[in-house]
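Basis for what follows: all heavy atoms, side chains included, without hydrogens, waters or symmetry-related copies.
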Amino acid sequence: MVTEVEISPREAEVLELVGAHLSNAEIAARLCISVRTVESHVSALLRKLEVPDRRALARRAPQPAGAARPHAAPVLPGPLTSFIGRVTERAVLSEQIRTHRQVTALGPGGVGKTRLALAVATQAAGEYSDGVWFVDLVPVSDPDLIATAVAGALGLGEQPGRDMTASVVAALADRHALLVLDNCEHVVDGVALFLERLLATCPRVTVLATSRARLMVPFERVYLVPPLSLAVEGESDAVALFMERAAAVGRPLDPPLREQIVSICERLDGMALAIELAAARYPTLGLDGITAALSHPLRMLTGGSRADERHRSVRAALNWSHALLEPADRALLRRVSVFVASFTAAAAAEVTLGEEGLVADGLARLAEQSLLVVTASPAGTEYRALETIRQYGTERLAEAGELADARSRHLRWCLAKAAALAVTQPDWRARFDLVADDLRAALVWAADQPEQRTDAHELARHLAELTFTRNLVGESQRHYEQAAGLATDPTACAAMLRQAAAVAGCRTIGDDMYRLRRAAADAARRAGDTAGAAADLASAATIAFRFSPTFARLPPTEEALALITEAREPAGDDPAAQAAIALAEAAVLTDAFGAAQGPPGNAVPQTLARAERAVELARRTGDPIAQSAALDALTGAQSWAGDTFAAAATARRRITLLSSPPITPAGTHELIDALGIVAEADLGIGDVPGARRWARRLADHPSLAEAGDRATCRLLMVDALAGNVDEVLTGSIRFLDTWRRVDSSAWSLLRPAVAGVAMIHGLRGDQDALGEWQEILDQLDTPPQRAYGYGAVFDAMLLLHRGHAPQALQRTAPEPGQVWKWITWIWHHWYVALRTEAAVLAASPDARDRAAEARTVVAGNPVCAAIVERADALLDDDQEALLATADAFEAAGCRYQSARTLVLAGGAHAERGAAALAGLGLAPMALPPMALPRHRARP
């Protein structure tokens, strides 16, 4: 137990969930706080408990008595009524989930599968250290959305570069958990595919499913859920249920009536739902009335296609309950069956075309007869039909010939709700979640109705926009593509495909971006929009180079060149098409973005000229997103030219351009890219506070809430170079949360962050942590040519700290001009400055020449200029100048370099510097002989 330090109640909650091995995103979802707030609590706990990392923190979490480690509280719905009997069934099913990884509780509707599964899951909660999770699949009408429903229950979002199934599988890969999937029968095929991926990758996850049909997977263990026991002698679960429910509605039953109750339960074959419906009628009919009313429906239901006797008994009870309703209430019951989720009286009135007051009265009567479940919510009273009753109502709709009309009205209601949700308000997320399942169900139906194609297209478009804003980006892309397929106008089709491509960009799936822009070009051609087609073709070529790290199958240069050639003729003098082609030429012909398939060297004047032309043509379009993309090319060209300050200024122009456009997939994708680039560019010119500000904004972007590694990589890089040790340790926790769940080994943008974290652990003297992060860097498959950028900078800093100046000099041996493309970007000034310091401390004969040359290169960069000035002061043994650099580093936001300067100054200053390093959590510095000062003032 943690008793020796004082932690707040919220910190205690966070600590318990860290001990349960939840990610920061999962903790945020569980506690309804932001990911950044979780990071702050974790950082405070690391400091208070004096532990180095999250693993150690988890070991300090309080453990329940008698348990090896804490388990997450079961995330299960709370039943409104008590659970009756089923002692034997609970014992058998509990044993099955202990010995088999996937068990299906099988039985007809109304037999009590869900209540039994909930009872077993609640009882077993303590056996699963990472929790018990319940997923209701009733609202899921699309098999592709099963993983989305599971992710919602787990509090997960989609990982960029992964579909939702992969995100869920990654999140549960090392978890010991029980997953309850309820009501699988209508999406059996989708559930089977999901479970095959889940269970193959998550060895400690057990799945308990309920279904009317087998899942038909090879690892399935089936448990047939029997009806409630009907024994006349001894205990009877069926009788106990009837008596308890009758008592709950205000009419307790006397024991002498037991045999009559047994007779009723026998006629209902012990089916739990049928018994509950009958018990709800007891106050008005009595036992004699129930017996009489049951006779006729049972005779009517012999034979037919429903051969299962138990299913016929439920249908009998439903028919009987239905027959006892007034005609208006029968109509209401069948018409509200189109809702797949909870609904209000107002919603029911719209869909059933009734007056709201009368509809509310009818819903109350249906609830009194146990045909609807009533719940209170912040939005008011809500109603929901159990799945068996909802399906029964749907059948009645079809029999009455009202199904198409009712679904059409439901579709129109969904369209109105979706349109109203398009305006984001503070409670937008909650309002969307309330209707999302109905929107999806309406779309599934409408998409198969040729006469509803226009409305289906409109609803698909709305759902694509809404799910994007809700950060369900994988679903958003599918709906955009679905909207494209439903569009009757090829112009609308092309527009939807472009949006889908932008969403794919937000998901960092370059292959889909490329495919969808090419498909958009085909649609634009069909619409006669030759200029639009040309812009799409050129954009596809640009994507192949600009976002090359996000591709699984990288388009070769020849393919991109062919797209540009194909685009030129139909572009005509259209400004947007001309701008797109100019950008593609800058990307492909002169490799302004430094693509993976680009040449090893650039012709700098041509690269600059093409990028500047792309910027000018984009400016004429007035489109901020097009202008931002062109400025990105110019940023790259300026960096290749060695004009670091111009590159930073251009990167900032992108942020200004993107500050006002509305939130769209294209705008979001462009902004995330721009924030990353401007953070790097500001770091390149030594503006550490500015770089950190942009990197923090990127880390906090809601689209990256589940992408901890991608969100934090720039912030880690900045903090590592600045020497912000605590911030690096805290941010690296979020990075690792994602890294351990997702294969990010192809994401080159992560490499500098990993190298920076490794360096910080090296400065701390933590060899184990250093080795762990170096292993991650090895997994990122760092290409050799990158070694002279971030690798050389971080390695040189660590070597210099350890007093290994000759090795640091060797690490930075190549002249900048020899490896310019790999160091010119943000690393140029840092490489030159550290290379100079290494030469001075290693007593290199050319140290003074290097210092003179470096002063010109880094002029204007407050950090790198101070490093060079420090090296110059060491050469001249000028302590006054040396100490001045300590103040310069402090003002520039580099606490580590300031402390290092004091140590280099020697004497009492060295003691202050050593204390400052210790305060940062770093190991003492080692100094080569050259660094020992003679304290002589510069002449």
Side-chain angles (χ1 to χ4, degrees), residues 25 35 147-148 151 156-167 170 424 429 432 461 463-484 495-517 519-520 536 539-540 542-544 546-552 593 623-626 628-629 632 654-655 657-658 661-679 694 697-714 738 742 744 746-750:
V35 172
T148 300
L156 297 173
E158 184 176 333
Q159 298 282 355
R162 303 288 182 275
D163 61 21
M164 193 62 87
T165 298
S167 297
T424 303
R429 175 173 176 159
F432 170 76
R461 181 180 65 82
L463 254 179
E465 295 168 352
L466 293 168
T467 50
F468 179 80
T469 307
R470 186 64 174 79
N471 291 326
L472 299 171
V473 287
E475 183 180 352
S476 175
Q477 182 181 327
R478 288 195 299 274
H479 288 316
Y480 272 123
E481 293 192 53
Q482 186 179 22
M496 293 296 97
L497 289 168
R498 291 172 190 134
Q499 294 283 56
V503 178
C506 295
R507 300 176 68 204
T508 63
I509 303 179
D511 304 76
D512 280 2
M513 291 180 70
Y514 185 73
R515 168 182 63 83
L516 290 164
R517 282 311 287 248
D536 287 322
S539 295
T542 299
I543 287 166
R546 186 183 178 196
F547 302 110
S548 62
T550 68
F551 277 78
F593 299 109
D623 179 2
I625 294 174
S628 172
D632 190 25
R654 293 182 67 192
I655 300 295
L657 274 170
L658 298 170
I663 299 174
T664 63
T668 298
H669 183 216
E670 194 67 31
L671 178 60
I672 289 173
D673 179 77
L675 286 170
I677 295 299
V678 74
W694 299 124
R697 184 174 165 188
L698 179 66
D700 290 341
H701 198 285
S703 294
L704 300 180
E706 296 294 334
D709 46 6
R710 188 177 167 212
T712 61
C713 62
R714 268 58 175 241
T738 303
V742 182
S744 306
W747 295 358
S748 59
L749 60 86
L750 303 181

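Counting only distance, with no hydrogens or angles, the side chain of Ser476 and the backbone of Ala464 share a donor-acceptor pair below 3.5 Å. Under a 3.5 Å cut-off, the side chain of Thr668 and the backbone N or O of Thr664 do form a donor-acceptor pair.
Applying the side-chain hydrogen bond (donor to acceptor under 3.5 Å, both in side chains) criterion to Thr712, with sequence neighbours excluded, gives no partner residue. Residues passing the ring-ring contact (aromatic ring centres under 6.0 Å, His included) test with Phe432, sequence neighbours excluded: Trp428. For Arg470, the side-chain hydrogen bond (donor to acceptor under 3.5 Å, both in side chains) partners two or more places apart in sequence, or in a different chain, are Asp433. Checked against side-chain hydrogen bond (donor to acceptor under 3.5 Å, both in side chains), Thr467 has no partners two or more places apart in sequence or in another chain. Listed by chain and number, the residues in a side-chain hydrogen bond (donor to acceptor under 3.5 Å, both in side chains) with Glu481 are Gln477, Arg515 (sequence neighbours excluded). Partners of Thr148 by side chain to side chain contact (heavy atoms under 4.5 Å, CB included), not counting sequence neighbours, listed by chain and number: Leu145, Met164, Arg440, Leu472, Glu475, Arg478.
The shortest side-chain heavy-atom distance between Tyr480 and Glu465 falls under the 4.5 Å cut-off. Using a 4.5 Å heavy-atom threshold, the side chains of Met513 and Ile509 count as separate. Looking at heavy atoms from C-beta onward, Phe468 lies in side-chain contact with Val473 at the 4.5 angstrom threshold.
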#### Entry: side chain to side chain contact (heavy atoms under 4.5 Å, CB included) assessment of Leu463 paired with Gln482
CA-CA 10 Å; Leu463 254 179; Gln482 186 179 22; over 6 Å; no

### Task
Under the side chain to side chain contact (heavy atoms under 4.5 Å, CB included) rule, what do Val503 and His479 come out as? Steps first, then yes or no, please.
CA-CA 11 Å; Val503 178; His479 288 316; over 6 Å; no

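For the atom pair CG (Leu516) and CE (Met496), the distance works out to 12.5 Å, reported to the nearest 0.5 Å. In this structure, Arg654 CZ and Leu657 CG are separated by 9.5 Å, a value rounded to the nearest 0.5 Å. A distance of 5.5 Å separates CZ of Arg714 from CD1 of Ile677, quoted to the nearest 0.5 Å. Rounded to the nearest 0.5 angstrom, Ile655 CD1 and Glu670 CD are separated by 9.5 Å. Taking CG of Leu466 as the start and CZ of Arg429 as the end, the distance is 14.0 Å to the nearest 0.5 Å. Rounded to the nearest 0.5 angstrom, Thr550 OG1 and Asp512 CG are separated by 9.5 Å.
Results of the side-chain contact (heavy atoms from CB on, under 4.5 Å) test with Leu704 over Leu675, Ile672, Asn471 single out Ile672 as the only residue that passes.
Between Thr165 and Ala147 the shortest heavy-atom distance is OG1-CB, 3.2 Å. Considering every non-hydrogen atom in both Leu658 and Ser628, the closest pair reads CD1-OG, 3.5 Å. Here the closest heavy-atom approach between residue Cys713 and residue Leu750 is recorded as CB-CD2, 3.9 Å.
Aromatic ring pairs are classed by plane angle as parallel below 30°, tilted from 30° to 60° and perpendicular above 60°; the pair Tyr514 and Phe551 is perpendicular.
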